[in-house]
Amino acid sequence: MAKTKVEFVCRECGSSHHQWAGQCLNCKSWNTLEEILLLQTAPSKSTILQDLPASKVQNLSDIKSENRVRLSTGLSELDRTLGGGLVDGSVVLIGGDPGIGKSTLILQAVASINQRHTTLYVSGEESADQISDRALRLSIKEDILLLSETHLEKIIKLAKTVQPKVIVIDSIQTMVTDGSTSVPGSVTQVRDCAAQLTQFAKQTNTILLMIGHVTKDGALAGPRILEHMVDTVLYFEGDAGGRYRIIRAVKNRFGAVNEISIFVMSEAGLQQVENPSAIFLSNSAKPSPGSMVMVMREATRPLMIEIQALVDTASGNPKRVCVGLEQNRLALQLAVLHKHSGIATHNQDVFVNVVGGIKMNETASDLVVMLAIMSSLRDKVIPKNWVAFGEVGLTGEVRSVYNSIERLSEAQKHGFKVAIIPKGNAPKKALKGLKIMPVEYLHQALQFMIENT
Ligand code: TYD
Ligand code: MG
């Protein structure tokens, strides 16, 4: 019996090794080697891209970017996240948990594009019947070209004949190419398929939308280099159980990063939420300890977000659990609380949650998280019409954040009455109905809260 051949491939850089090692010899990252099985048959090298037109040399000044039109997806919110629509020849990767709505969103977008241009929807996961069922549910009547196929060479061959404006690959993990020896879904297979598809898109000026699966910890399955190869990476966020779906651009060569758009999953597909500012505030009538609102401002739009903390006596090792925030950040915040304000939590379990399944990347959330922790620890109810934002440094100082005026006017617009903010962000002009509480150090904010609740 033939011996099975194994190889170890780095998730980060995609380089292969004959032996397992704790550290990748190429990119030096730790614990990223993944065992893959190689097929025994020798590959017939993929030659499908050979007859594409060669790229030509151009003068930079001859290229006029203002003439470049962006292709609208028919969903204005998605267009905004993409930086104004799809750019010709661009490659977009869409990642997210299973069942979150990736195929639904892309089918809706493709249906709209198909009214003006030819589109090709390739599914390696579902049969044409299943896609047609979904289209029926979304009341899509457009004649989209469907192909249920996983063999990359066949897909590119068809794409060369029909010359679509947009190709959808659902999902990249199901594709196989003749040029790779490893099993479908493995790191090298995914990398090789994505590389060939990207090359095809660039050379023929076709827009390529690739759907990608995510692993348990939320990263795209397959090598990280998948993210490096493409122009734009969109991620779905939000609780799978909840109605809201957040789409975030984590990388965008043609627009702002961290731009988000919000959709609601309904009976008839994803509907855009054009004015999402306050949808993540809980509507419980009775305020309770451990909850506070902040104004998040990522990319171009402010959002009111509720942060909840639960601090309770630990039985055994104290737990620190974060949902929607970075775990290390919480450790740092607890250390600052202890060192500079004498608030000890070493015998307490601390849980922090960002309501609505949003992922908070802003350090402006520090102050709110710490106030919420204090509120839960001391059983103090923070009034529902209070907001806060501000970064807290290691010396306990409250540092200013960007776009404070815009954050404050958003809070004012929603009827908030008190804003605890960094001193450096205090506005020169008073905002009607909103009391500003500027703080220089963390303990001032904590003291203000304890005294006024
Ligand atoms: P889907 O797009 O298949 O998810 P993904 O491609 O990310 O795996 O979406 C699947 C979920 O969305 C499924 O649980 C059903 C739900 N859904 C609706 O609620 N309404 C709809 O109109 C559609 C098409 C799907
Ligand atoms: Mg799907």
Side-chain angles (χ1 to χ4, degrees), residues 73-75 77-78 81-82 91-114 119-150 152 155 166-176 184-185 189-190 193-194 197 208-222 226-227 230 232-250 260-273 276 279 356-359:
T73 60
L75 299 161
E77 283 291 289
L78 183 63
T81 310
L82 288 165
V91 181
V92 182
L93 184 65
I94 300 111
D97 292 334
I100 199 146
K102 301 182 291 296
S103 308
T104 307
L105 178 80
I106 297 305
L107 191 60
Q108 284 179 254
V110 160
S112 162
I113 297 170
N114 201 65
T119 54
L120 173 65
Y121 191 108
V122 185
S123 180
E125 298 187 342
E126 294 165 308
S127 65
D129 284 341
Q130 282 171 303
I131 303 170
S132 129
D133 281 350
R134 180 178 295 120
L136 206 65
R137 208 170 158 184
L138 300 171
S139 328
I140 290 172
K141 295 186 188 72
E142 260 62 53
D143 267 331
I144 302 166
L145 293 174
L146 291 184
L147 176 68
S148 191
E149 179 62 69
T150 56
L152 187 90
I155 296 167
V166 178
I167 305 181
V168 177
I169 302 289
D170 186 1
S171 64
I172 187 67
Q173 274 88 3
T174 56
M175 298 295 139
V176 280
Q189 197 63 262
V190 170
C193 289
L197 283 165
L208 174 65
L209 306 176
M210 286 196 284
I211 294 179
H213 291 169
V214 293
T215 55
K216 270 194 252 66
D217 45 4
L220 276 161
L226 208 55
E227 290 187 8
V230 302
T232 305
V233 182
L234 302 182
Y235 269 115
F236 266 88
E237 291 172 17
D239 332 318
R243 292 168 62 226
Y244 293 111
R245 302 284 186 268
I246 300 125
I247 298 165
R248 186 190 296 269
V250 292
I260 56 175
S261 50
I262 297 171
F263 289 83
V264 181
M265 182 56 99
S266 72
E267 267 312 298
L270 288 160
Q271 314 277 341
Q272 333 194 55
V273 182
I279 55 172
I358 271 210
K359 286 205 179 66

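Whatever order the structure lists ligands and atoms in, that order sets their numbers, starting from 1.
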field: Derivation of the side-chain contact (heavy atoms from CB on, under 4.5 Å) call for Val264 and Tyr244
entry: CA-CA 5 Å; Val264 181; Tyr244 293 111; 3.5 Å; yes
field: Under 3.5 Å donor-acceptor, Thr73 side chain and Ile113 backbone
entry: no
query: Any N/O/S atom, backbone or side chain, of Ser103 lying under 2.8 Å from the Mg ion (ligand 2)?
result: yes
message: Side chain, backbone, both or neither: which applies to Ser103 and ligand 1 if a contact is any heavy-atom pair less than 4.0 Å apart?
response: both
message: When you measure from the side chain of Arg245 to the backbone of Ile100, do you find a donor-acceptor pair of N or O atoms at a distance under 3.5 Å?
response: yes
query: Do Glu149 and Met175 have side-chain heavy atoms sitting under 4.5 Å apart?
result: no
task: Indicate yes or no for a side-chain donor-acceptor contact from Gln108 to the backbone of Leu270 under 3.5 Å, with no hydrogens or angles considered.
output: yes
Ser171-Glu125 side chain donor-acceptor pair, cut-off 3.5 Å: yes
query: Tell me: protein heavy atom nearest atom 9 (O) of ligand 1, and distance?
result: Thr104 OG1, 3.4 Å
message: For atom 15 (C) of ligand 1, tell me which residue out of Glu125, Met265, Glu267, Arg137 has the closest non-hydrogen atom.
response: Arg137
field: Pick from Gly269, Ser266, Gly99: the one approaching atom 11 (C) of ligand 1 most closely through a non-hydrogen atom
entry: Gly99
query: Less than 3.5 Å between some nitrogen or oxygen of Glu126 and one of ligand 1, yes or no?
result: no
- prompt: Measuring from the heavy atoms of Gly96, does anything fall under 4.0 Å of ligand 1?
  reply: no
- prompt: Is the side chain of Gln173 donor-acceptor paired with the backbone N or O of His213 at a distance under 3.5 Å, no angle test?
  reply: yes
field: Ile169 and Ile155: CA distance, side-chain angles, deciding distance, side-chain contact (heavy atoms from CB on, under 4.5 Å) verdict
entry: CA-CA 10 Å; Ile169 302 289; Ile155 296 167; 4.3 Å; yes
statement: heavy-atom search around atom 4 (O) of ligand 1 in the protein gives Gly101 N, 3.2 Å
- prompt: Just which atoms of ligand 1 are under 4.0 Å from any heavy atom in Ala268?
  reply: 22 (O)
statement: Checking heavy atoms under 4.0 Å, the part of Arg134 that sits near ligand 1 is side chain
query: Purely on distance, is any nitrogen or oxygen of Leu138 under 3.5 Å from one on ligand 1?
result: no
